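When reading the values below, keep in mind they use all heavy atoms of this one structure, side chains included, and skip hydrogens, waters and symmetry mates. Source: prediction; values computed, not measured.
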Amino acid sequence: MEDSSDLYDSYETEAPAWTDHEPQHVEDLDNVECLRRKIKYYFMNPCEKYHARGRKPWKLILQLVKIAIITIQLVSFGLSNQMVVAFKEENLMTFKHLFLKDYVDGGMDTYAVYRQTDVYDHIEYILKQYGHLHNITVGNHEYEKNGGIYTPLSVCQDFYRNGTIYSGNDTFEIDAHVDTGEYPMSVHAPALSSRMLSVRLTFVLKAINLQTVRHRELPDCYDFTVIITFDNQAHSGRIKIDLENDVDINECRDWKVSGASAKSAILTLLFDCLIIITCIVSSTLCTRSVINGTRLQFEYTQYCMKYCNKEVPWSDKLEFVNGWYILIVVSDTMTIIGSILKIDIQTKVLTSYDVCSIFLGTGTMLVWIGVIRYMGFFRKYNILILTLRAAFPNVIRFICCAGIIYLSYCLCGWIVLGPYHEKFRTLNTVSECLFSLINGDDMYPTFKNMKQKSNLVWIFSRVYLYTFVSLFIYMILSLFITIITDTYDTIKQQQQSGTPTSELQKFLSVCRDLPNSGVYRLDENDDCSCCREKCIFISYHVNTKCT
């Protein structure tokens, strides 16, 4: 097992730079040497700490166990969440086939009507299908009841308050106020006019997701609010038809499941409670380690101010703040919240599947990212971690500068190319399209799908796309890679030379005690009263200046 950090390597320097201004009193020398070993011990990996003081790596074992059980929990919840999402999507597809006349899968983008008779036919078709729902559906869909009375289907029409339009002689008079008229359910569609903006048909259907019974989970009851919209806001002669589905998941009021044992559900709840307890213990241990690091930072700062009369740079102070521990604490917090939500979902107290999946998914992601910390105990892997940490500030600055250029291209493409290219209709799609171009994906279709309705815009699109691809792929990405490679070469040269690069490393380089030397056990048992002869030898025979 190699060292996890270069902070406590024993550098072979001719003259340690921290001994000239150190205290000359024997008792003070003991305290300084003890401080070095305490800091060096803090930066050791679990195996070295075991050799130094014989402490078993309980924190490491706990993290490995936690990774396993959290992953099992995530997979279990993911399968349940997939059933919920699949049930929603399949019901949405069912409603489109039931209530939209002549609907074909994947045809919502072009699903529209162009004649008044078609509008009436489609609305009457929806009313008819809704009235005969029990006779046509193959699911367990039912009408919503409110106090024993079925909730009726509502038909609403949005239209301009007043207005007359004469396109023939280019005249019109319009009142921009929009009124909404609601019509009771009938077999006839509302009358259409040139002032009409949209017609909405809204109704609520109920269903039960029974497929969860096979997985030893209680079924949920669903309320589907179906909204069918005839959109005529453009007044272009084309009325687009869209069907939306708002889902509300509720606990079933009265249920009875036979032929299934509740043992599996109880074990699942106990497993979730075990995860919560494990995460609490893990978070407590990591918080304690962060507090210990803060205390050592304070002691080291006091030493520098008292004996060297200088302040500790922020780079050295941040060395005591272990980002991995903070990452673990954040991960444990999110996992605890997600596990509590999961228990509430299983007991039908809540139905926040999406919120729970975000917490559990993010917590598991951070847990697995934390595995990199243990890979850093090997020197060949540690250089990669040190490179990422050292290059991070420069990478952030570079991304800020490149992001400004990227945003300017997004805004320009949205304004100019949006009306002529489907990938530039919104800022979101523009950003996705340009990001794909940076990675070399979907490049030819982006060039090809540009509509040649305006020669000027078509020429501009070529200049726009060619300059963006050339700038980001050949220049910005190359500079980004150069930042990483330069940092990697710098870190590699520092490790090969073995020269301390910070004041903290120079301070620790004086202490050459190995983990298995036994002096760390003396520090623990005798409260830092140890080996005075060695401390005196180091202090009086090495005379250099404190830098």
- Query: Are Tyr120 and Tyr125 close enough that their ring centers fall under 6.0 Å?
  - Reply: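 Not under 6.0 Å, so no.
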
Once salt bridge (Lys or Arg N to Asp or Glu O under 4.0 Å) is applied, do any residues pair with [X], and if so which ones, sequence neighbours excluded?
| X | answer |
| --- | --- |
| Lys59 | none |
| Asp242 | none |
| Asp179 | Arg161 |
| Arg200 | Asp158 |

- Under the side-chain hydrogen bond (donor to acceptor under 3.5 Å, both in side chains) test, which residues partner Gln129, sequence neighbours left out? none

- Query: Who pairs with Ser331 by side-chain hydrogen bond (donor to acceptor under 3.5 Å, both in side chains), at least two apart in sequence or on another chain?
  - Reply: none

- Task: Kindly state each residue pair satisfying side-chain hydrogen bond (donor to acceptor under 3.5 Å, both in side chains) with at least one member in residues 466-479, sequence neighbours excluded.
- Result: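 As it turns out, the side-chain hydrogen bond (donor to acceptor under 3.5 Å, both in side chains) pairs with a partner in residues 466-479, which skip direct neighbours, are Tyr409-Thr467.
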
- Tell me the side-chain hydrogen bond (donor to acceptor under 3.5 Å, both in side chains) pairs involving residues 334-346, sequence neighbours left out?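 Those involving residues 334-346 are Gln73-Ser339, Asp272-Lys342.
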
Interatomic spacing from [atom1] in [X] to [atom2] in [Y] - rounded to 0.5 Å:
| X | Y | atom1 | atom2 | value |
| --- | --- | --- | --- | --- |
| Asn394 | Leu479 | CG | CG | 12.5 Å |
| Asn91 | His141 | CG | NE2 | 4.0 Å |
| Thr164 | Ile174 | OG1 | CD1 | 7.5 Å |
| Asp220 | Phe87 | CG | CZ | 9.5 Å |
| Ile227 | Leu201 | CD1 | CG | 10.5 Å |

Within a radius of less than 6.0 Å around [atom1] of [X], do more than 12 heavy atoms belonging to other residues, nucleotides or ligands occur?
| X | atom1 | result |
| --- | --- | --- |
| His132 | NE2 | no |
| Asp105 | CG | yes |
| Phe271 | CZ | yes |
| Met475 | CE | no |
| Lys317 | NZ | yes |
| Asn140 | CG | yes |

[X] versus [Y], closest heavy-atom pair with distance:
| X | Y | value |
| --- | --- | --- |
| Thr429 | Arg425 | OG1-N, 3.6 Å |
| Thr284 | Ile280 | OG1-O, 2.7 Å |
| Ile369 | Trp324 | O-CZ3, 3.6 Å |

Less than 4.5 Å apart, any side-chain heavy atom of [X] and any of [Y]?
| X | Y | result |
| --- | --- | --- |
| Tyr464 | Val416 | no |
| Arg238 | Asn232 | no |
| Asp442 | Tyr444 | no |
| Ile484 | Tyr488 | no |
| Tyr160 | His177 | no |

Strictly distance-based, threshold 3.5 Å: is any side-chain N or O of [X] a donor or acceptor partner for the main-chain N or O of [Y]?
| X | Y | result |
| --- | --- | --- |
| Ser282 | Cys279 | no |
| Thr333 | Val329 | yes |
| Asp231 | Gln233 | yes |
| Asn439 | Phe435 | yes |

- Task: Go through the side-chain N and O atoms of Thr426 and Asn428 and say whether any donor and acceptor fall under 3.5 Å apart.
- Result: no

- Query: In terms of the angle between their ring planes, are Tyr111 and Tyr103 parallel, tilted or perpendicular, with boundaries placed at 30° and 60°?
  - Reply: perpendicular

- Measure the acute angle between the ring planes of Tyr143 and His134, then classify it against the limits of 30° and 60° as parallel, tilted or perpendicular. tilted

Does [X] have any side-chain contact (heavy atoms from CB on, under 4.5 Å) partners at least two apart in sequence or in another chain, and if so, which?
| X | value |
| --- | --- |
| Glu144 | Thr151, Val204, Lys206 |
| Cys410 | Tyr406, Val430, Ser431, Leu434 |
| Asn162 | Asp175 |
| Ser76 | none |

- Message: Quick one, Phe359 with Ile340, criterion side chain to side chain contact (heavy atoms under 4.5 Å, CB included). Give me CA distance, side-chain angles, the key distance, then yes/no.
- Response: CA-CA 10 Å; Phe359 277 104; Ile340 294 174; over 6 Å; no

- Decide yes or no on side chain to side chain contact (heavy atoms under 4.5 Å, CB included) for Phe424 and Trp414, but give the supporting numbers first. CA-CA 5 Å; Phe424 291 84; Trp414 175 50; 5.8 Å; no

- Stepwise side chain to side chain contact (heavy atoms under 4.5 Å, CB included) test for Leu92 and Val247: CA-CA 10 Å; Leu92 178 61; Val247 183; over 6 Å; no

- Residue among Tyr150, Phe99, Phe95 satisfying ring-ring contact (aromatic ring centres under 6.0 Å, His included) with Phe203: Phe99

- Task: Could you check Asp332 against Lys66 for salt bridge (Lys or Arg N to Asp or Glu O under 4.0 Å), going step by step and ending with a plain yes or no?
- Result: CA-CA 10 Å; Asp332 291 338; Lys66 188 183 70 174; 2.6 Å; yes

